[in-house]
Novice: 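If you scroll down you'll find the structure; I have some questions about it.
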Number of protein chains: 2
Amino acid sequence: MNIKQAGEAAGLPAKTIRYYEEVGLIRPLRGANGYRHFRESDVHKLGFLGRARALGFTIEDCRLLLSLYEDKTRASSEVKAIASRHLAQISHKIAELRAMEATLSHLVSCCAGDARPDCPILGDLAPPPNQPA
Amino acid sequence: MNIKQAGEAAGLPAKTIRYYEEVGLIRPLRGANGYRHFRESDVHKLGFLGRARALGFTIEDCRLLLSLYEDKTRASSEVKAIASRHLAQISHKIAELRAMEATLSHLVSCCAGDARPDCPILGDLAPPPNQPA
DNA sequence: CTTGACCTTCCTGTGACTGGAAGCCTTATC
DNA sequence: GATAAGGCTTCCAGTCACAGGAAGGTCAAG
């Protein structure tokens with residue numbers, strides 16, 4: 001199987017697959033013409049990687065998860081630790097974004113959005129005037 | 001005022017201020033020794049930029065917002081349009097992250113996290129076996 | 001034999017910085 | 001005057017996970 005078919009089977013663009021090989025996540029065979037040859041197991045790994053990436057795991061986490069996936073003697077606690085850490089980061093990011101969203105939606109709703117220059121959004125971004133003691 | 005004081009006044013690291021000058025967001029004066037000299041108006045702009053960035057606006061949005069901020073004949077609708085577009089992007093991102101969070105938290109809660117190898121997290125990441133028609 | 005669709009590698013760019021090296025300037029101290 | 005600390009300058013590399021594109025080799029069909 002060449003790179004394009006492998007990509008279609010795994011739902012990943014060829015560029016991404018080449019990148020995954022470059023960083024050592026997969027090691028497809030090579031034909032005499034230099035073309036990469038993907039076995040079922042490679043496509044399987046690519047599918048794994050695609051799903052892990054879709055859940056937001058970094059490439060390094062994917063590397064760890066993949067090695068645990070292939071280690072049949074792993075402890076599930078190791079997997080859980082990685083996922084929990086990642087989950088915490090996602091939750092943290094959501095909290096940040098929700099704070100931004102709250103501020104912005106308030107400002108947007110307060111802005112007339114007409115031809116006049118008065119604008120609470122800019123008013124909020126502007127630094128406060130010097131406050132003498 | 002030199003770059004460090006300006007940074008402290010605006011709440012930004014010196015590196016960031018140099019970067020903002022490089023991309024043309026600010027144009028501080030230069031002394032005979034080559035040092036940047038920050039006026040009150042520069043520090044004012046830096047504060048504006050810091051707040052806009054804290055709300056997640058891109059540098060290019062900041063550039064637009066800053067020009068609108070300084071254009072006293074602006075229409076608030078222009079500002080509102082930028083902010084609304086950004087707000088939509090944030091909401092979209094939040095939705096993506098929440099979907100990840102939901103999936104991950106479910107998987108994490110299902111994982112025993114002990115010394116055994118069985119792990120629903122890896123089970124979910126693994127591709128489904130071939131399904132013959 | 002040519003065309004078109006593949007494949008290869010290599011280089012560049014993304015966004016918004018951050019870290020670090022090498023070197024000049026200033027201020028304080030001795 | 002010498003020196004050391006700290007601040008300033010520029011420039012380069014690295015971040016993260018690719019995407020776009022150039023230049024060129026390969027393969028199957030007609």
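Just so we're on the same page: letters track the sequence lines, and every chain starts at 1.
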Novice: If a protein heavy atom is under 4.0 Å from the base, mark B; if only from the sugar-phosphate, S; if neither, -; do that for nucleotides 6-13 of chain C going 5' to 3'.
Specialist: BSBBB---

Novice: Need one value for A:Phe57: base, sugar-phosphate or nothing, where a base atom within 4.0 Å counts as base even if backbone is also close, heavy atoms only.
Specialist: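 Nothing, no nucleic acid heavy atom in range.
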
Novice: From CD1 of A:Ile59 over to P of D:dT15, roughly how many Å is that when rounded to an integer?
Specialist: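 Going from A:Ile59 (CD1) to D:dT15 (P), I get 14 Å.
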
Novice: Thinking salt bridges, do B:Arg18 and B:Glu21 make one under a 4.0 Å N-O criterion?
Specialist: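 A salt bridge is absent here (no side-chain N lies under 4.0 Å from a carboxylate O).
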
Novice: Decide, yes or no, whether a salt bridge links A:Lys45 with A:Asp42 under the criterion of side-chain N to carboxylate O below 4.0 Å.
Specialist: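 The answer is no: the pair does not qualify as a salt bridge.
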
Novice: Are A:Ser76 and B:Asp118 linked by a side-chain donor-acceptor pair shorter than 3.5 Å?
Specialist: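 The answer is no; no qualifying pair exists.
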
Novice: Calculate the interatomic distance between B:Ile17 atom CD1 and C:dC17 atom P; express it in whole Å.
Specialist: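 About 11 Å, once rounded to whole Å.
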
Novice: Quick one: A:Leu12 CG to D:dA17 P, roughly how many Å, whole number?
Specialist: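 Between P of D:dA17 and CG of A:Leu12: 14 Å.
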
Novice: Should B:Tyr19 be listed as having a side-chain N or O under 4.0 Å from OP1 or OP2 of C:dG15?
Specialist: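 Indeed not, no polar side-chain atom of B:Tyr19 lies that close.
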
Novice: How many Å lie between CD on A:Glu22 and P on D:dA17, as a whole number?
Specialist: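 Computing the A:Glu22:CD to D:dA17:P distance gives 13 Å.
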
Novice: Aromatic rings A:His44 and A:Tyr69: how do their planes relate, parallel, tilted or perpendicular, breaks at 30° and 60°?
Specialist: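 Because their plane-to-plane angle is under 30°, the rings of A:His44 and A:Tyr69 count as parallel.
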
Novice: Does this structure show an ion pair linking B:Arg98 with B:Glu101, if we count only N-O contacts that are shorter than 4.0 Å?
Specialist: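 Judged by the 4.0 Å cut-off on N to carboxylate O distance, B:Arg98 and B:Glu101 do not form a salt bridge.
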
Novice: If I take atom CE in residue B:Met1 and atom P in nucleotide D:dG7, what distance separates them, rounded to the nearest angstrom?
Specialist: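 Between P of D:dG7 and CE of B:Met1: 15 Å.
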
Novice: Without decimals, in angstroms, what is the distance between B:Leu49 CG and C:dA16 C1'?
Specialist: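 Going from CG in B:Leu49 over to C1' in C:dA16 covers 13 Å.
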
Novice: Ignoring backbone atoms, test whether A:Thr16 places a side-chain nitrogen or oxygen under 4.0 Å from the OP1 or OP2 oxygen of D:dA19.
Specialist: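 Answer is yes, contact under 4.0 Å.
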
Novice: Between B:Val43 and B:Ala9, what is the shortest heavy-atom contact and its length?
Specialist: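 Answer, listing the atom of B:Val43 first, then B:Ala9: CG1-CB, 3.7 Å.
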
